[in-house]
Amino acid sequence: MSSMVKFTSGDNSNDGGCEQLEFLNTTSSPSAGSLSTFLEAAIALKEQVVEGTWREGDGEIVDPTVYTGLLGTALTCLRLYEATASHRDLQLAADIVHASATSLTNSNTSIRYTTFLCGRGGIYALGAVISNLCGDHHKRNFYLAQFMELAQEKALPAGPEEGGFGMSYDLLHGRAGFLWCALFINKHIGHETIPSDILERVVKAVMDGGRAGATDHTMCPLMYRWHGTRYWGAAHGLAGILHVLLHFPLSEEDAEDVKRTLKYMMSKRFPHTGNYPCSEGNGRDNLVMWLHGAGGMAITLCKASEVFQHDRELRDAAIEAGEVVWKSGLVEKAGLADGASGNAYVFLALYRLTGDVIYVERAKAFGGFLYANARKLISNTTSSGLDHGFSLFQGLAGAACLWSDLVRPEDSRFPGFEI
């Protein structure tokens, strides 16, 4: 029989102003078969995320992004709508996106990036998809028009020979993040909603930039820098950029360079653990998560295995990266970026790749750990005075998405990363 259990975020020794997390729980973590309990928990936690982040008309929206801000709540509501068909969740998502879009007219809210996770692209892509689901074609067309304005930014198709106009290539802040927006729109609204000729120019710029960045590498065809560092992870580096490229029809030469880059990375795994470095030449072997290491790399390798179906080496490497995540144990955080929620999605990706139910059981084990330890794991990471404890990538909203996906693992997708 279920009962109400209260968790508090933050330090209980403070002045008592900590927000409470209340959601349905059993006396222990959900068993392997109790999928309804996961869904109930996802719905209840989503309500707490909304309560903790969304106050309609109550003050300024300081952070409207998907990654750590209010749009992460909108995406969480959308994911719960997909799981439950709750039109209330869909309307909540629509209201939040509308408020976020409106906030861009406020001089105190400035988003320079074009990406899904950290930029205006996320507002317009989510707005278009959610409005389409609501049947509001006027708003859908408005958001699509706004996105097409982003596509006209001259930095997007600029090659390295033109200086790149200062735009990076990564998923969080760069060209790959813009391309992900377009993939999201085209998947949910229809093929060629964002025309391929626009996207092909940006894909070419990403390929050209990677080749230019790898000029001093004889073994690796593509390499990128973010703030001077050649990162390998999903957020700022190769794993994220390659993952996006793998969704596009690539020429034979481009596909071969993507594959050879992946195999270069595979050749540089740490020999004792099988984990991946955070960046080129980095000897630290201590991070296993989506941001850095085997977590994000495993999901990218799963996608590569689907694209290069006859290359057994890529499939084996995906499975091996999943083993690294499993053997490294539970990350003492909750979010998608660097916590147990993000790592659980590795197993769901491997389940879809292999069909082996052991990966669903492993994902449930991580989900059960999150269920039982929400209070301990809530991330109170602050940035510019913001509490991200309920955010999608650094807080508990990622757990709500995970729990809903555990009920339908064949349809699961890492929010903001897998299409």
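This structure is a prediction, so every number in the text was calculated from the model and none was measured.
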Does H87 have any ring-ring contact (aromatic ring centres under 6.0 Å, His included) partners at least two apart in sequence or in another chain, and if so, which?
-> Y81
More than 12 non-hydrogen atoms from neighbouring residues, nucleotides or ligands closer than 6.0 Å to NE2 on H188, yes or no?
-> yes
For A151 and I198 the tightest heavy-atom approach is CB-CG2, 3.9 Å
Is a side-chain donor or acceptor of N275 paired with a backbone partner of F270 at a separation under 3.5 angstrom?
-> no
Any donor-acceptor pair under 3.5 Å linking the side chain of N343 with the backbone of V288?
-> yes
Could D405 and R413 be called an ion pair, given the rule that one side-chain N must be under 4.0 Å from one carboxylate O?
-> no
D89 CG to E82 CD distance, which is reported to the nearest 0.5 Å = 11.0 Å
W232: partners by side chain to side chain donor-acceptor pair (under 3.5 Å), with sequence neighbours left out | E280
Result block: side-chain N/O donor-acceptor pairs under 3.5 angstrom for residues 127-136, not counting sequence neighbours:
{"unit_1": "S131", "atom_1": "OG", "unit_2": "G127", "atom_2": "O", "d": "2.7"}
{"unit_1": "N132", "atom_1": "OD1", "unit_2": "R140", "atom_2": "NH1", "d": "3.0"}
{"unit_1": "D136", "atom_1": "OD1", "unit_2": "H138", "atom_2": "N", "d": "3.4"}
{"unit_1": "D136", "atom_1": "OD1", "unit_2": "K139", "atom_2": "N", "d": "3.1"}

Non-hydrogen atoms of A363 and L348 that approach each other most closely | CB-CD2, 3.7 Å
Backbone of A155 reached by a side-chain donor or acceptor of R175 within 3.5 Å = yes
Sorted by chain and residue number, the ring-ring contact (aromatic ring centres under 6.0 Å, His included) partners of F417 (sequence neighbours excluded) come out as H243, W290, F414
Heavy-atom pair with the smallest gap, counting every atom of A182 and F147 | N-CZ, 3.9 Å
Interatomic distance, R312 atom CZ to I319 atom CD1 [nearest 0.5 angstrom] | 6.0 Å
Could you tell me whether a side-chain N or O of Q152 sits under 3.5 Å from a main-chain N or O of M148, the two making a donor and an acceptor?
-> yes
CG (D257) and CD (E252) are apart, to the nearest 0.5 Å, by 11.0 Å
Answer yes when R315 and D311 have at least one side-chain N-carboxylate O distance shorter than 4.0 Å, and no when they do not.
-> no
Is the shortest distance from a Lys or Arg side-chain nitrogen in R352 or E306 to a carboxylate oxygen in the other one below 4.0 Å?
-> no
The single option from H236, H227, R225 passing side-chain contact (heavy atoms from CB on, under 4.5 Å) against D170 | H236
Not counting sequence neighbours, which residues clear ring-ring contact (aromatic ring centres under 6.0 Å, His included) with Y224? List them please.
-> Y169
For L222, does its backbone N or O pair with a side-chain atom of R211 as donor and acceptor, under 3.5 Å?
-> no
May I ask you to decide if G367's main-chain N or O and W403's side chain share a donor-acceptor pair within less than 3.5 Å?
-> yes
Answer yes if the ring centres of Y371 and F366 are under 6.0 angstrom apart, and no otherwise.
-> no
Would you verify whether the NZ or CZ of K259 falls within 45 degrees of the ring axis of F308 while also being under 6.0 Å from that six-membered ring's centre?
-> yes
Is it true that the side chains of T73 and T53 contain a donor and an acceptor less than 3.5 Å apart?
-> yes
Please report the shortest heavy-atom distance between V97 and A74, naming the atom on each side.
-> CG2-CB, 3.9 Å
Could you pull out the closest heavy-atom pair between Y276 and M265, with the gap in Å?
-> CE2-O, 3.5 Å
Would you confirm whether R79, through its side chain, and L402, through its main-chain N or O, come within 3.5 Å as a donor-acceptor pair?
-> no
Of all heavy-atom pairs between L396 and A334, which one has the smallest distance, and what is that distance?
-> CD2-CB, 3.8 Å
Classify the ring geometry between Y231 and H292 as parallel (under 30°), tilted (30 to 60°) or perpendicular (over 60°).
-> tilted
Do Q309 and S305 have side-chain N/O donor and acceptor atoms under 3.5 Å apart?
-> no
Measure from the side-chain N and O atoms of E192 to the backbone N and O of S196, and report whether any donor-acceptor pair falls under 3.5 Å.
-> yes
If you count the non-hydrogen atoms of other residues, nucleotides and ligands that lie under 6.0 Å from CE in M219, is the total more than 12?
-> no
Sequence neighbours excluded and cut-off under 3.5 Å, please list the side-chain donor-acceptor pairs for residues 113-123, or say none.
{"unit_1": "T115", "atom_1": "OG1", "unit_2": "C118", "atom_2": "N", "d": "3.3"}
{"unit_1": "T115", "atom_1": "OG1", "unit_2": "G119", "atom_2": "N", "d": "3.4"}
{"unit_1": "T115", "atom_1": "OG1", "unit_2": "L172", "atom_2": "O", "d": "2.6"}
{"unit_1": "R120", "atom_1": "NE", "unit_2": "I111", "atom_2": "O", "d": "3.1"}
{"unit_1": "R120", "atom_1": "NH2", "unit_2": "R112", "atom_2": "O", "d": "3.4"}
{"unit_1": "R120", "atom_1": "NH2", "unit_2": "E153", "atom_2": "OE2", "d": "2.8"}

Does any N or O in the side chain of T68 come within less than 3.5 Å of the main-chain N or O of S391, such that one atom is a donor and the other an acceptor?
-> no
So, the side chain of D254 versus the backbone of L250: is there a donor-acceptor pair under 3.5 Å, distance only?
-> no
